[in-house]
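Notes follow the structure.
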Amino acid sequence: PVVIVTSASATPQPELVRRLIPLKMDESVNQTNAILKKQAEYAVNGKVSDYNEDYIEAQRFLNRVNVCVPFADSLISIFENKSLIVRTNFPRFLDLVKASAAFHQWQRKRDENGFVIAEGHDYNLARMALLKLTTNAKMIPVTKDQQRLLNIIRDNFGQTLTKIQDIDAKVTFMRERWLRDQLDRLAENGFLEKDSIQEAISGHDEEYVRTRDYIAYRYVPDEDITLPTWRELIESCRNRAISTTLHALHALH
């Protein structure tokens with residue numbers, strides 16, 4: 001089953017994110033202009049969007065099939081040493097590969113068991129989908145509001161440990177209680193570092209000064225997600241195989 005839920009602004013719970021993937025829409029001016037142009041085109045022609053009947057007819061010939069991914073073990077190095085969510089993302093990625101192979105079942109070879117054999121084109125399509133669905137090397141989904149919050153902290157405070165009150169002064173799109181919850185989530189996932197800072201508070205007597213602890217957060221730089229193309233993956237596997245062979249020959253000598 002496929003469930004699609006739209007929302008102008010939503011921050012789902014982590015457990016829900018493992019089941020429903022947040023997909024941030026393109027909110028650029030160019031995309032808005034392209035939408036307006038298409039809407040005007042439909043209005044001028046007096047029609048709504050239609051579907052290519054050839055594609056609909058072609059899908060009638062698709063059968064339920066089993067798919068094998070012969071290169072699955074070569075993908076482990078891409079997903080290993082990351083956050084716990086890769087336990088969900090890795091089989092999800094394999095499912096994307098299988099979905100492509102099943103959809104192209106009449107253009108794919110089959111093994112002796114009748115399984116459709118996934119190939120490089122299926123990997124590249126799955127790669128394209130995952131790069132669209134994931135924005136960071138941790139492969140942890142980040143909602144639009146969470147990304148806006150991270151950008152504000154990065155642009156205004158850099159990697160300086162900053163108390164919540166100062167962050168809240170820069171955030172206009174969520175209340176403080178919700179902000180605290182989102183900061184904790186981002187810290188839990190490694191996008192922020194949570195700590196505390198002390199600040200001096202002067203009393204009525206100038207000689208009496210006490211300190212107060214504040215919860216604070218520091219931005220943690222993260223890399224963009226990178227996935228090798230099929231050609232790069234094959235080349236990497238070839239190099240590893242050569243390296244393993246040379247190591248074995250060296251051991252023999």
Side-chain angles (χ1 to χ4, degrees), residues 1-6 12 15-26 31 34 49-143 222-245:
V2 176
V3 177
I4 299 176
V5 181
T6 61
E15 195 62 27
L16 186 60
V17 169
R18 293 175 68 92
R19 292 164 171 78
L20 296 178
I21 309 172
L23 178 61
K24 294 184 284 294
M25 305 304 292
D26 185 349
Q31 179 67 7
S49 57
D50 50 10
Y51 299 93
N52 189 318
E53 292 296 331
D54 291 340
Y55 290 119
I56 297 176
E57 181 63 22
Q59 292 181 56
R60 302 184 196 279
F61 295 92
L62 296 179
N63 299 317
R64 183 184 295 272
V65 294
N66 291 318
V67 178
C68 67
V69 185
F71 49 86
D73 55 346
S74 300
L75 306 179
I76 296 175
S77 60
I78 300 174
F79 289 83
E80 64 184 357
N81 300 323
K82 298 189 185 303
S83 62
L84 195 65
I85 201 170
V86 297
R87 299 184 183 183
T88 297
N89 283 342
F90 185 54
R92 177 178 288 161
F93 183 77
L94 293 177
D95 282 343
L96 289 171
V97 174
K98 293 177 181 179
S100 173
F103 194 78
H104 294 88
Q105 59 187 249
W106 297 110
Q107 291 83 40
R108 298 291 180 266
K109 296 179 180 179
R110 304 201 181 209
D111 64 13
E112 62 275 10
N113 297 316
F115 282 34
V116 173
I117 304 174
E119 57 182 47
H121 182 65
D122 303 311
Y123 168 85
N124 279 334
L125 287 176
R127 172 183 178 271
M128 181 177 64
L130 188 63
L131 288 175
K132 181 66 177 177
L133 297 172
T134 309
T135 59
N136 56 81
K138 297 182 180 67
M139 296 189 180
I140 299 175
V142 177
T143 66
D222 188 35
E223 299 177 357
D224 292 335
I225 182 174
T226 56
L227 287 175
T229 63
W230 175 251
R231 180 172 295 182
E232 292 169 342
L233 181 65
I234 293 299
E235 186 63 27
S236 175
C237 292
R238 182 181 295 112
N239 291 337
R240 285 200 300 269
I242 293 174
S243 176
T244 301
T245 301

* Is the backbone N or O of Lys138 less than 3.5 Å from a side-chain atom of Asn136, with the two atoms forming a donor-acceptor pair by type? -> yes
Separation between CD (Glu80) and CG (Leu75), nearest 0.5 Å, reads 11.0 Å
CD of Glu119 to CG of Asn124, rounded to nearest 0.5 Å, is 10.5 Å
The reported gap from CE in Met25 to OG1 in Thr6 (rounded to nearest 0.5 angstrom) is 9.5 Å
Separation between CE (Met139) and CG (Leu227), nearest 0.5 Å, reads 5.0 Å
- Item | Test item: Arg127 and Ile78 side chains (from C-beta on) under 4.5 Å apart, heavy atoms | no
What one should report as the nearest heavy-atom pair of Val116 and Ala101 is CG1-O, 3.7 Å
Just so I know, are the side chains of Glu235 and Glu232 near enough to count as touching, which here means a heavy-atom distance under 4.5 Å? no
Handout entry: Side-chain heavy atoms of Asn63 within contact of Trp106, under 4.5 Å
Key = yes
The reported gap from OH in Tyr51 to CD1 in Ile56 (rounded to nearest 0.5 angstrom) is 8.0 Å
dist Arg108:CZ -> His121:NE2 (nearest 0.5 Å) comes out at 6.0 Å
The single option from Val97, Asp95, Asn89 that satisfies side-chain contact (heavy atoms from CB on, under 4.5 Å) with Phe93 is Val97
In terms of heavy-atom contacts, Ala118 and Pro70 come closest through O-CD, 3.7 Å
Quiz item: Would you say the side chain of Val65 lies within less than 4.5 Å of the side chain of Arg110, judging by non-hydrogen atoms?
Solution: yes
With sequence neighbours left out, the residues meeting side chain to side chain donor-acceptor pair (under 3.5 Å) with Thr88 are Arg18
Between Asp111 and Cys68 the two heavy atoms that sit nearest each other are OD2-SG, 3.9 Å
Non-hydrogen side-chain atoms of Leu96 and Leu125 separated by less than 4.5 Å:
no
Residues Ala102 and Leu62: closest non-hydrogen pair is O-CD2, 4.1 Å
Sorted by chain and residue number, the ring pair (Phe, Tyr, Trp, His ring centres under 6.0 Å) partners of Phe90 (sequence neighbours excluded) come out as Phe79
